[in-house]
Asks: 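Got a structure here, written out as structure tokens. Questions coming.
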Amino acid sequence: MDVKRRKFLKIAGLSAVAGLGVPSAFTNLLQGEALASSSGQGNPAEGHKPAGGHGGHGEESTGTQYGMVIDIKKFAEHQGLADRCINACHTEHNVPDFGNPKDEIKWIWTDDYAHGFTEHSQYKRNAGLNELPVLLTCNHCANPPCVRACPTQATFKNEVGVVVMDFHRCIGCRFCMAACPYGARSFNWRNPREKYANGNYKFYKNGVNPNYPTRMRGVVEKCNFCPERLAVGKLPACVEATGETKAMVFGNVNDPNSEIAKVLNSNFTIQRKPAAGTKPSVFYII
Amino acid sequence: MLEKALVGNNKYWAWIFFLLGVISIGGLFYLYQYNYGLGATGMSRDVSWGIYIAQFTFMVGVAAGGVMLVLPYYIHDYKAFGKITILGEFMAIAAVAMCIMFITADLGQPMRIMNVILHPTPNSMLFWDMLVLNGYLFLNAICGWVILNAHNKGVPYPKWVKPFIYLSIPWAFSIHTVTAFLYCGLPGRHFWLTAILAPRFLASAFAAGPALLVLIAMLLKRVANFDAGEKAFQKLGTIITYAALANFFFLGLEFFVAYYSQLPGHMHTLDYLFWGHEEFDNLVLPMRFSLTIGLVATTMLLFPQIKKKEGMFALSCAMLFLSLWIDKGVGMVLGGFVPNPMGRITEYYPTVPEIGITLAVWAAGALILTILFKIAVTVAADDDH
Ligand code: SF4
Ligand code: SF4
């Protein structure tokens, strides 16, 4: 489908149109809306509702819900930044590299906009946008189907809204992988701790980070928003890797005074597969 | 009664040892998979369930199919099923045992299987599936064994099993409904996300289970001198026909909804399964083959003249069983993973160890079935004297 659409777009010559400026119109529109609603209700938290509303229907969750805003434009401006984020995460969490797609494990990765946002229209969009690389990861959904599906509570939502895993409880049934609408989960198809005869790890190319456990074979894993770093007041590894670019903003989306709430308040953001009702906590500025 | 399984002719023992051989080879493959991890299979990040779960799903159907004998016999007192009902119950036992083996073979950490009980999680359909499957195994074991035992002693079966028999009927529906819930409640998999999945599962189960039983009963007629009776065969044929019709009707509904609505998510997997999606078409041939022989077999079964000829009846049952096996035991589960959540396609090729383990589970099921049927047939034969 997507390939054909992209081809069509190219044939139509629409790729010449610099459509990236279009969303800024939305931004203005949204700001108007946000101002109107906050002046009416006197509640600044109301302002991010139009953005948050994408994530599903019904009530917003209360309490802490960590989330992330990813600014695609900033990543396009800073070549190589996405790879630095991926590396930072995968090194931090001892994500093994098996060197083949069948065994692949990834916590955060890039795909183009068309594949990252399959349920957003790509019809008559400019090819520049459809082919723009987007960082994808676990959305730490406010209403996570993976948690619902897990028969052992090895996957659960913790008190700050992060969907985390207990590697020691997981039985490796992979029900959560079937349940996740975002392909965010990976499975240890083989033993990541395998070593060469000389004692070196086969699949941890950069060695092992002692601050985070390695996994055994037969369990599922995914992005966990770095609870081990949050606990000591640090930002997640990927967010830290973006440095001063502000390409990623992390924080409690339910706290109206947080930086992320302000970003959500003043930008047009979208989420992946809003119709799935999962209420993703990862937002994108396009 | 178990001793009855220990006497048999050479053919019987040759068959038993053949099955044991297949099981041992599969056991070695399993040992390899256990040590290496599930990477020994063809599954991947994108197609994270493969032939094990597909076979599991199909076998739940075969197990549920047993109820098509239990229900007429015990509820409607349909006497013609007097001899064959016990076979239905025993087939259900073997099928559920296979389900449990397939699930275990599919686990990344099989030693932790008890975690499902230690940390009961009612919001997980897998938890309920475990409960209903084990419950069904228990119910059929109780009913089948007690009734056969009474029969063996020449006394009527004790009254206390009656509630268990009645319970086993809705329970049979429940096992396949909950198995459908494993799939149809997942928000991101459009192919599975259909309210008609459970009815479709049941319809295919009520065709596939009895079709297999017809074939086995015909075999028993030849090799074990056990005749279930022409009336029972014909009635089963009718049940199979209507279940198959319902199954293909439901499948047709899926096609209508997908292609009339033109919703991309609904169309993609059907495209992939029956026409090929982009350049990927691994399953197109098997799926078209399945649909064709299934429809032909159902049409054949509609004609009483065909159904009355033993050879033709057997052929249509075999074709229908194969058709449903491909549809549910291959296409249904694999299709759900194509395209993946990013709209990309990864195809799946089962590996040799994976096929070896699958065959071993089938052989283990056949072994259980053989032993149970041997006992049942011997009891029935003693009865005739
Ligand atoms: S993105 Fe997937 S894995 Fe992450 S919380 Fe949502 S459903 Fe679970
Ligand atoms: S694979 Fe592990 S985390 Fe996923 S559903 Fe099964 S037990 Fe839960």
Side-chain angles (χ1 to χ4, degrees), chain A residues 1-4 98 100-106 109 111-112 114-119 136 143 145 147-154 156 167-192 216-220 272-273 275-278, chain B residues 34-49 53 103 106-121 123-130 182-183 185-190 192 264-265 267-268 271 277-279 333 336-337 339-344 346 348:
Chain A
M1 47 142 198
D2 306 304
V3 173
K4 281 186 206 134
F98 294 100
N100 70 62
K102 191 171 105 55
D103 294 327
E104 186 181 30
I105 294 182
K106 52 189 180 188
W109 70 100
D111 207 330
D112 54 36
H115 288 91
F117 291 86
T118 46
E119 293 190 358
L136 305 175
N143 180 20
V147 171
R148 216 178 306 148
C150 178
T152 63
Q153 294 152 42
F156 59 100
F167 301 124
H168 298 279
R169 189 182 284 189
C170 174
I171 59 173
C173 64
R174 309 189 297 295
F175 199 5
C176 54
M177 292 177 80
C180 172
Y182 305 96
R185 300 181 151 259
S186 305
F187 183 71
N188 284 276
W189 296 104
R190 47 186 302 193
N191 184 5
M216 67 290 282
R217 75 170 153 249
V219 299
V220 165
R272 296 173 68 199
K273 299 194 181 173
T278 55
Chain B
Y34 186 84
N35 287 317
Y36 180 87
L38 281 167
T41 70
M43 292 183 271
S44 62
R45 200 176 182 284
D46 287 337
V47 185
S48 47
W49 281 336
I53 293 296
I103 286 273
D106 188 69
L107 290 184
Q109 287 287 337
M111 301 304 267
R112 297 183 187 161
I113 193 165
M114 282 301 150
N115 279 0
V116 180
I117 295 159
L118 292 175
H119 310 285
T121 311
N123 47 271
S124 173
M125 285 302 120
L126 206 59
F127 168 75
W128 292 105
D129 214 34
M130 179 212 66
L182 291 179
Y183 300 99
L186 306 178
R189 309 276 174 186
H190 294 281
W192 296 336
M267 295 192 295
H268 283 158
D271 281 350
H277 192 60
E278 290 165 13
E279 68 271 38
V333 170
F337 293 104
N340 82 357
M342 267 69 67
R344 295 193 184 274
T346 305
Y348 157 86

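Computed from heavy atoms alone, side chains included, the values below leave out hydrogens, waters and symmetry copies. Order of the sequence lines sets the chain letters (A, B, ...), proteins ahead of strands, with each chain counted from 1.
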Asks: Chain A: which of B:S48, B:P339, B:G188, B:P187 shares the most heavy-atom pairs with it under 4.5 Å?
Replies: B:S48
Asks: Side chain, backbone, both or neither: which part of B:F337 has a heavy atom under 4.5 Å from chain A?
Replies: side chain
Asks: With a 4.5 angstrom heavy-atom cut-off, is it the side chain or the backbone of A:V147 that approaches chain B, or both, or neither?
Replies: backbone
Asks: Assess the pair A:F175 and B:W49: is the distance between their ring centroids shorter than 6.0 Å?
Replies: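 For A:F175 and B:W49, the ring centres are under 6.0 Å apart.
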Asks: Which answer fits B:W128, side chain, backbone, both or neither, if we ask what part of it has an atom under 4.5 Å from a heavy atom of chain A?
Replies: neither
Asks: If every non-hydrogen atom of A:T118 is compared with every non-hydrogen atom of B:G343, which pair is closest and at what distance?
Replies: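 Scanning both residues completely, I find the closest heavy atoms to be CG2-N, 4.0 Å.
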Asks: Might you point out which heavy atoms bring A:P151 and B:L126 nearest each other, and give the distance in Å?
Replies: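 Scanning both residues completely, I find the closest heavy atoms to be CG-CD2, 3.7 Å.
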Asks: Can you tell me which portion of B:P120 sits under 4.5 Å from chain A's heavy atoms? Options are side chain, backbone, both or neither.
Replies: backbone
Asks: Identify which part of B:L182 has an atom lying under 4.5 Å from any heavy atom of chain A, answering side chain, backbone, both or neither.
Replies: both
Asks: Please classify the contact between A:C150 and chain B as side chain, backbone, both or neither, with a heavy-atom cut-off of under 4.5 Å.
Replies: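 The backbone, not the side chain.
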Asks: With only heavy atoms counted, which part of A:A154 is less than 4.5 Å from chain B, the side chain, the backbone, both or neither?
Replies: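 For A:A154, neither part sits under 4.5 Å from chain B.
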Asks: Using a cut-off of under 4.5 Å on heavy-atom pairs, state which of A:N191, A:D111, A:V219 scores highest against chain B.
Replies: A:D111
Asks: With a 4.5 Å cut-off on heavy-atom pairs, point out which of A:P101, A:C170, A:P145 contacts chain B the most.
Replies: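 Of the options given, most contacts go to A:C170.
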Asks: For A:R174, which residues count as a salt bridge (charged side-chain N to carboxylate O under 4.0 Å, His left out) partner, sequence neighbours excluded?
Replies: B:D106
Asks: Mind checking the CD-CG spacing from B:Q109 to A:N188? Nearest 0.5 Å is all I need.
Replies: 9.5 Å
Asks: Which pair of non-hydrogen atoms, one from A:M177 and one from B:R45, has the smallest distance, and what is that distance?
Replies: CE-O, 3.8 Å
Asks: Mind listing the closest non-hydrogen atom pair of B:N115 and A:I171 along with its distance?
Replies: CB-CG2, 3.9 Å
Asks: Looking at B:L38, is its backbone amide N or carbonyl O close enough to the side chain of A:R217 to form a donor-acceptor pair, meaning the two atoms are under 3.5 Å apart?
Replies: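 Answer holds: no.
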Asks: Using a cut-off of under 4.5 Å on heavy-atom pairs, state which of A:C180, A:A178, A:G218, A:G172 scores highest against chain B.
Replies: A:A178
Asks: Chain B heavy atoms under 4.5 Å from A:R272: which part of the residue, side chain, backbone, both or neither?
Replies: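 When you check distances to chain B, only side chain atoms of A:R272 fall under 4.5 Å.
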Asks: Run the salt bridge (charged side-chain N to carboxylate O under 4.0 Å, His left out) test against A:R190 and tell me which residues pass, sequence neighbours left out.
Replies: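 Residues passing salt bridge (charged side-chain N to carboxylate O under 4.0 Å, His left out) with A:R190: A:E194.
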Asks: Non-hydrogen atoms of chain A under 4.5 Å away: do they reach the side chain of B:Y348, the backbone, both or neither?
Replies: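 Interface part for B:Y348: neither.
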Asks: Do the non-hydrogen side-chain atoms of A:K273 and B:P341 ever get within less than 4.5 Å of each other?
Replies: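 Yes; the side chains approach each other to less than 4.5 Å.
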Asks: Look up atom CG in B:D129 and atom SG in A:C173, then write down how far apart they are to the nearest 0.5 Å.
Replies: 11.5 Å
Asks: Report yes or no: does B:S44 contribute a side-chain atom to a donor-acceptor pair with the main-chain N or O of A:K102 at less than 3.5 Å?
Replies: no
Asks: Side chain from CB out, backbone as N, CA, C, O: work out which of these in B:M43 comes under 4.5 Å of a heavy atom of chain A, or both, or neither.
Replies: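 When you check distances to chain A, atoms from both the backbone and side chain of B:M43 fall under 4.5 Å.
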Asks: Can you name the nearest heavy-atom pair linking B:H119 to A:Q153, along with the distance?
Replies: O-NE2, 3.6 Å
